[in-house]
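As structure tokens, the structure follows; a few thoughts come after it.
FYI, side chains are in, hydrogens and waters are out, and symmetry mates aren't considered; it's all heavy atoms of this structure. Sequence positions, counted from 1, serve as the residue numbers for this chain.
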Amino acid sequence: MTPVLLGNLGVSLALAFSLLGLALSLLAYSQGDGRFLKGAKALVLPTFLAALAAFLTLEWALLTHDFSVAYVARNHSAQDPLWVTLVTPWAALEGSILLWGLLQTLYTLLASRKSVDPWRASLVLAVLFGIQVFFFGVMATIASPFQTLPNPPADGNGPNPLLQNHWMMAVHPVLMYLGFVGLSVPFAYAVAAMVVRRYQTWVGETRWWTLIAWGFLTAGKVAGMWWSYEVLGWGGYWAWDPVENASFIPWLLSTAFLHTAIVQETRGAFKAWNFAFVTLAFAATVLGTFLTRSGVIQSVHAFAEGPVGPAFLGFFLLVTGLGLGLLSRVSREVRDTVVFRLLSREGALLLGAFFFAGWALVVVLGTFYPLLVEAFTGAKVSVGAPFFNQVSAPIGVGILLLMGVGPILPWRRPRAEVFRNLYMLLAVLLLGTLLGLLRGYTFGASLAVGLFLYNTAAILLLVREGVLARLRAGLSPWGFLENRRRVGSLLVHFAVALMGLGIAFSQTYRLESEKTLYRGQAWEVGGLRLTFQGVRALDEGRRFAVEALLETERFGEVRPRLHFYPQMNAPLPAPKVVYTPGNDYYFLLMDFDREKGEWASIRLIVTPLVFWMWVAGGLMALGTLYILWPAPRREEVRGVSPA
Ligand code: HEM
């Protein structure tokens, strides 16, 4: 059987099973007949296997250089190294949709194992099968990964060289998709909860899924920032370009949901917010895919040229309409009747969620405004980084402020001793900021120091209180570590404060210098002395590399490169970054003497504290893993509530 036949068979079977699963789950719900639900559940594994077969077939076509498959011809070359070939399924549109579909079937498989009452189980399955119908439907009709070419070329171009330039390509997109797709599970539960009008339990039941999805999204975002830093050669990690924004929006909304869900779990409040946030977070993943995959970013007219853009836009509207439509139907029943104090944990959590949602709205507006203007007037306008930075800075400060006090404040109303803690934290914030100012930092950087110390102090206070409470009760202080949510979230919060510090300093203090050096010439810049020793050329098969040999006193030999890919006119920079806890040294080869290798233009970018942003990314992942790790059986101790 050829890959085309097998791949198409996999996609068609996955679509057929999903359609059948959808019909059976809806029947199970409407007829109240358990046999239909059993039938729907029985289809979950075959759907996954069909999707897996389709995905492996695409890998097979790539590994065997089957250029009769259009996707292989467009995105693969026989010269590609093995790892590039293996990750090529997600290098372009059709393969990415296949990966999405495969992961969706995997999540459906895992989610279907969880036992909830048959009514909701049928509806959850109906939503998840429905999402699969969309993805496999798109693959079966307008974006097939297995289209054939009548006249296959002898070799293809390979994926976009930018994607081949760094191993992060193997990791970053998969993490993002695992996060995107993961949000479908809490969304499905939310829909089921609204239909059957049982509003309370679903947030607790889906907490694991929410955290998994959020954890993958966070890891994917940080990995993407690092990829951008290492690969794109501009010495930055975030440019507010639409592709970055597209995945930032669901991250912000899911962070809002993560927090309001805690209030519903604990106090039974914020039900309406949770339905709204989970719908918008999942819908935003579809919107993000529309934005990055419809060609609309290059030009709004590209959107009209292919059917994929309109299909995704339609699906986005369907998801949003379903979630928000159901919410408006039940809005009277889920309305909060209790009035909240701002100075309470729930008050801080809700205000924080508004900050996240407001930020998401700003990013949506800034990203879509140029598209709307172009669509209606034809004029090209751009909303640049200065706009996003200006709006984001106060929102970021607000979030960092709330993050410190939120976990300190008790539920309902503050007790007297809490005020003492709050005053102390305020003093740390002011002193930290003053310290920064005295050291000559800008106000923004000084505030970042203050906020970092303030959040660290808040965390230490919470740890101290938790440990003291256990000691007072005659228990081992280590038992504090068993409260996984508390300890893990403190680690994540600390990481956020650390990242805030890294962002503030790296954005404020950045030294960039460029010089043309002749062989043997020395250059002193940013406290670093380097000598240019010449250039070296290397033929690496699929590309040609030129590296500058720079001898530094501090780091030994450093070799920034330029990569020449046959399919690109201009060379791609391959910067060399030397990470240190104080400053990052980012070396770039800009140009060189093509005849004798006697000179080279070198750019050096020295940026402080970027190193800590990647440490913070790792801590966030660690904190999330800690929360997710199965808890040991809790000691039931009256009066020792770490929360
Ligand atoms: C958990 C507050 C910002 C990630 C929590 C908890 C509170 C809280 C009170 C529950 C802790 C416990 O039960 O012991 C806030 C406030 C924020 C904020 C008021 C600012 C608006 C952030 C940010 C992130 C984050 C920016 C990550 C980027 C988390 C995570 C959890 C958590 C992962 C654990 C959730 C769970 O286990 O379900 N937060 N936080 N928080 N927070 Fe935050």
Side-chain angles (χ1 to χ4, degrees), residues 183 185-187 189-194 197-215 250-282 323-324 326-327 330-360 395 398-415 418 422 458-459 462 466 483-490 492-493 496 623-624 627-628 641-643:
L183 286 174
V185 180
F187 170 70
Y189 269 78
V191 168
M194 285 189 277
R197 294 185 140 90
R198 284 186 52 193
Y199 309 119
Q200 178 54 25
T201 51
W202 71 277
V203 275
E205 286 160 354
T206 54
R207 175 165 173 262
W208 190 85
W209 301 97
T210 310
L211 265 167
I212 281 274
W214 181 86
W251 183 84
L252 286 168
L253 291 165
S254 55
T255 311
F257 171 59
L258 195 68
H259 287 90
T260 46
I262 295 175
V263 184
Q264 180 167 337
E265 248 187 287
T266 321
R267 287 212 51 202
F270 296 176
K271 295 189 184 78
W273 289 114
N274 284 324
F275 286 132
F277 284 142
V278 79
T279 298
L280 293 175
F282 179 60
L324 298 188
L326 282 171
L327 178 56
V330 301
S331 61
R332 282 167 159 275
E333 295 160 46
V334 294
R335 193 171 295 159
D336 287 321
T337 44
V338 202
V339 180
F340 302 105
R341 284 165 200 266
L342 194 58
L343 216 58
S344 64
R345 190 175 299 178
E346 54 273 44
L349 285 166
L350 187 62
L351 194 59
F354 287 160
F355 271 91
F356 288 118
W359 203 355
I395 299 179
I399 287 175
L400 287 172
L401 277 172
L402 284 167
M403 197 173 74
V405 292
I408 296 248
L409 289 169
W411 299 107
R412 295 192 172 86
R413 64 173 61 84
R415 295 184 294 265
V418 168
L422 292 183
I459 290 164
L462 281 165
N483 187 345
R484 298 205 169 267
R485 170 180 279 179
R486 165 92 353 153
V487 175
S489 65
L490 290 184
V492 174
H493 287 178
V496 173
T624 314
I627 302 173
L628 284 166
S641 156

Query - Steps toward side chain to side chain contact (heavy atoms under 4.5 Å, CB included) verdict (T279, L327) - result: CA-CA 10 Å; T279 298; L327 178 56; over 6 Å; no
Query raised in the report: Going through the distances and angles, do T255 and W359 end up as a side chain to side chain contact (heavy atoms under 4.5 Å, CB included)?
Result: CA-CA 11 Å; T255 311; W359 203 355; over 6 Å; no
Report task. Kindly check if the number of other-residue, nucleotide or ligand heavy atoms within 6.0 Å of CH2 (W214) is above 12? Result ->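 Yes, the 6.0 Å shell around CH2 holds more than 12 heavy atoms from other groups.
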Query - Heavy atoms of other groups near R197 CZ, more than 12 under 6.0 Å - result: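 Count over threshold, so yes.
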Are [X] and [Y] close enough that some pair of their side-chain heavy atoms sits under 4.5 Å apart?
X    : Y    : answer
L183 : V278 : no
I395 : I399 : yes
W411 : L349 : yes
L350 : V263 : no
M403 : V492 : no

**Report entry** Residue of the set W202, F257, Y189 for which ring pair (Phe, Tyr, Trp, His ring centres under 6.0 Å) holds with F275
**Finding:**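 Result: among W202, F257, Y189, W202 is the only option passing the ring pair (Phe, Tyr, Trp, His ring centres under 6.0 Å) with F275.
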Rounded at 0.5 Å granularity, tell me how far [atom1] in [X] sits from [atom2] in [Y].
X    : Y    : atom1 : atom2 : value
Y199 : N274 : OH    : CG    : 14.0 Å
L252 : F277 : CG    : CZ    : 11.0 Å
L422 : I408 : CG    : CD1   : 7.0 Å
I627 : L490 : CD1   : CG    : 9.0 Å

Identify the heavy atoms of [X] and [Y] that sit nearest to each other, and give their distance.
X    : Y    : value
F270 : T260 : CD1-CG2, 3.9 Å
L342 : L351 : CD1-CD2, 4.1 Å
A256 : F356 : CB-CB, 3.9 Å
L409 : A348 : CD1-CB, 4.2 Å
T624 : G215 : CG2-CA, 4.0 Å
S344 : R341 : OG-O, 2.7 Å

Query raised in the report: Sub-3.5 Å donor-acceptor pair from the side chain of Q264 to the main-chain atoms of G204, do we have one?
Result: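 Between the backbone of G204 and the side chain of Q264 there is no qualifying donor-acceptor contact (under 3.5 Å).
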Query raised in the report: Is it true that a side-chain atom of S489 and a backbone atom of R486 form a donor plus acceptor pair closer than 3.5 Å?
Result: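 Flag set: sc S489 to bb R486 pair under 3.5 Å.
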**Report entry** Ring centre gap for W209 and F282 strictly below 6.0 Å
**Finding:**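 That pair fails the under 6.0 Å test.
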Query raised in the report: Can you list every pair that meets salt bridge (charged side-chain N to carboxylate O under 4.0 Å, His left out) and has a residue in residues 251-270, with sequence neighbours left out?
Result: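 Applying salt bridge (charged side-chain N to carboxylate O under 4.0 Å, His left out) to every pair that reaches into residues 251-270, excluding sequence neighbours, yields E265-R485, R267-E346.
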**Report entry** Geometric class of the H493/H259 ring pair [parallel <30°, tilted 30-60°, perpendicular >60°]
**Finding:**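 If you compare the ring of H259 with that of H493, the planes turn out parallel.
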